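Everything below concerns the one structure shown next.
A quick note: this is a predicted structure, and the numbers were derived from the prediction, not measured. Read the numbers this way: they start at 1 and go in the same order the structure lists the ligands and their atoms.
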Amino acid sequence: MTLPTTTADAYFAPLLPWQTALWAQLTSRVLSSSNQLPHALLAAGMSGLGKRAFVWRLVAWLLCRQREQHVRGACGVCESCQWLKSGTHPNLAVLPHQLLPVEVAEDDTPLKSRDKKSKGNKANTEGAPPRIKVDDIRELQPFIYQGGQGLRICVLEHAETMTVAASNALLKTLEEPQAQVHFILISDHPAQILPTIKSRVQQLPLHRIETRLALDYVTNKLGSVVNHERVSQDEIAQLLTLAEGAPMAAIRLAQSPWYGKRALWLTTWQALREHRRSSTAASDYWQSQLDIDAFIQLSEVMLTEIQRMSLDLPPRQADISAQTLTDKPLPDMLAISDFADSLQRIKIARLQNVQDKFAYDALMQALSVL
Ligand SMILES: [Zn+2]
């Protein structure tokens, strides 16, 4: 299988604006007389911060033969950079095996699969990533202990998917640091990584993003226009708030099929709870508007908003909240939690391939009693 050309781009993409200080700090530590790069690093935090873009760029630079002359990023032409481009670098090991950095520079989403190396352990782009098993860590041992010249790097993607046995095997390895061997762990869910592992790795402060830089970046990337409509700074600020400050997540949000349908969701909800519309009619209508998974995402965001209003917290979606409510009182916490449960049940049913129509019907029914 020919790898997409974007594979190599992740190694050589421009540095994200909020990562320049960290980059300068790390690279100067490496270039100091005694390479003071920590033995094991963790790039953790929610999806959309640009963690992966940073990691793959750092990997390329660390391995680059000309890094002293190219402190802002790998040269792209030396033997090492060529190896990266062809996906065959002898000094780079990536777990899970079938994952390679693809399309991470623009988006901090999980990696895509590499069919060639998959061992019947199916990876797919939408579902859960494959778990890192103890055998995977054992297979790394010759690579780690081979000695010899040059830096070697192990990247563990989705580090939270390590089994307990795999974590323990890795822990042993981390406790016996080898010269010239560096580990970089990546995780969107660091809370699920064993604390013993976390205590052995140094976390990269990738989550500190200056608001101004994030605003500028998102404005620039959206080109000020989404769906032919101009996007104001207030709207971009709102996107960033909803994305918990993660710039790539804010961009994904703006481009999602449901973001522009939030007001419509409220209208449907009001019509349902005031019995002006039946849940079947609402279900039929929305089936023609959005696929059910998008509607579930939309409903989760709207539920959070309703919950905030019930708690008298300031709205996060100033653009739509004004028109939110009728005379009917806001749902209480019990109703909100019932609806959240229904959403969860429907999400699980979706994983078991329940039909769109059935899921939509159930969701509208739940919405009518929220
Ligand atoms: Zn190079």
Side-chain angles (χ1 to χ4, degrees), residues 1-43 49-108 111-112 114 116-117 140 142-157 177-186 201-202 204 206 248:
M1 177 188 155
T2 315
L3 293 169
T5 49
T6 45
T7 302
D9 294 349
Y11 297 115
F12 306 105
L15 190 59
L16 294 165
W18 53 91
Q19 297 176 344
T20 47
L22 180 62
W23 180 268
Q25 190 199 352
L26 275 178
T27 51
S28 62
R29 284 173 78 172
V30 173
L31 295 175
S32 70
S33 51
S34 56
N35 182 2
Q36 291 166 2
L37 185 73
H39 170 60
L41 295 168
L42 169 63
L49 296 170
K51 303 183 295 294
R52 293 180 174 86
F54 189 87
V55 167
W56 296 117
R57 207 170 182 284
L58 182 65
V59 164
W61 181 79
L62 286 169
L63 293 171
C64 177
R65 301 278 165 88
Q66 313 229 31
R67 67 184 189 196
E68 282 84 0
Q69 292 84 52
H70 293 264
V71 289
R72 291 189 52 81
C75 76
V77 292
C78 72
E79 193 178 34
S80 167
C81 290
Q82 294 298 335
W83 280 333
L84 284 178
K85 285 179 182 175
S86 60
T88 56
H89 205 300
N91 289 17
L92 173 64
V94 180
L95 286 182
H97 287 302
Q98 55 273 63
L99 298 180
L100 272 181
V102 177
E103 293 173 8
V104 291
E106 288 294 309
D107 200 340
D108 196 21
L111 306 184
K112 295 194 174 177
R114 183 191 189 188
K116 197 164 66 177
K117 276 202 172 179
L140 274 184
F143 175 81
I144 295 166
Y145 295 100
Q146 72 191 19
Q149 291 289 303
L151 200 83
R152 296 190 299 289
I153 302 177
C154 303
V155 177
L156 274 69
E157 243 293 8
Q178 300 296 303
Q180 301 274 65
V181 179
H182 292 276
F183 285 86
I184 307 181
L185 280 62
I186 306 175
V201 299
Q202 185 168 327
L204 293 169
L206 288 163
M248 275 78 164

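- Trp56 contributes no side-chain N or O that, together with a main-chain N or O of Asp9, makes up a donor-acceptor pair within less than 3.5 Å.
- Note on the Zn ion (ligand 1): protein N, O or S atoms under 2.8 Å away count 4, no waters included.
- Nearest heavy atom pair, residue Leu41 against residue Val201, reads C-CB, 4.3 Å.
- In this structure, the side chain of Arg57 engages the main chain of Arg72 through a donor-acceptor pair within 3.5 Å.
- Taking the salt bridge (charged side-chain N to carboxylate O under 4.0 Å, His left out) definition, one finds that Arg65 meets it with Glu79, sequence neighbours left out.
- The two atoms that bring Ile144 and Phe183 nearest to each other are CD1-CZ, 3.5 Å, heavy atoms only.
- Each of Leu16, Leu49, Leu26 was compared with Phe54 under the side-chain contact (heavy atoms from CB on, under 4.5 Å) criterion, and only Leu26 meets it.
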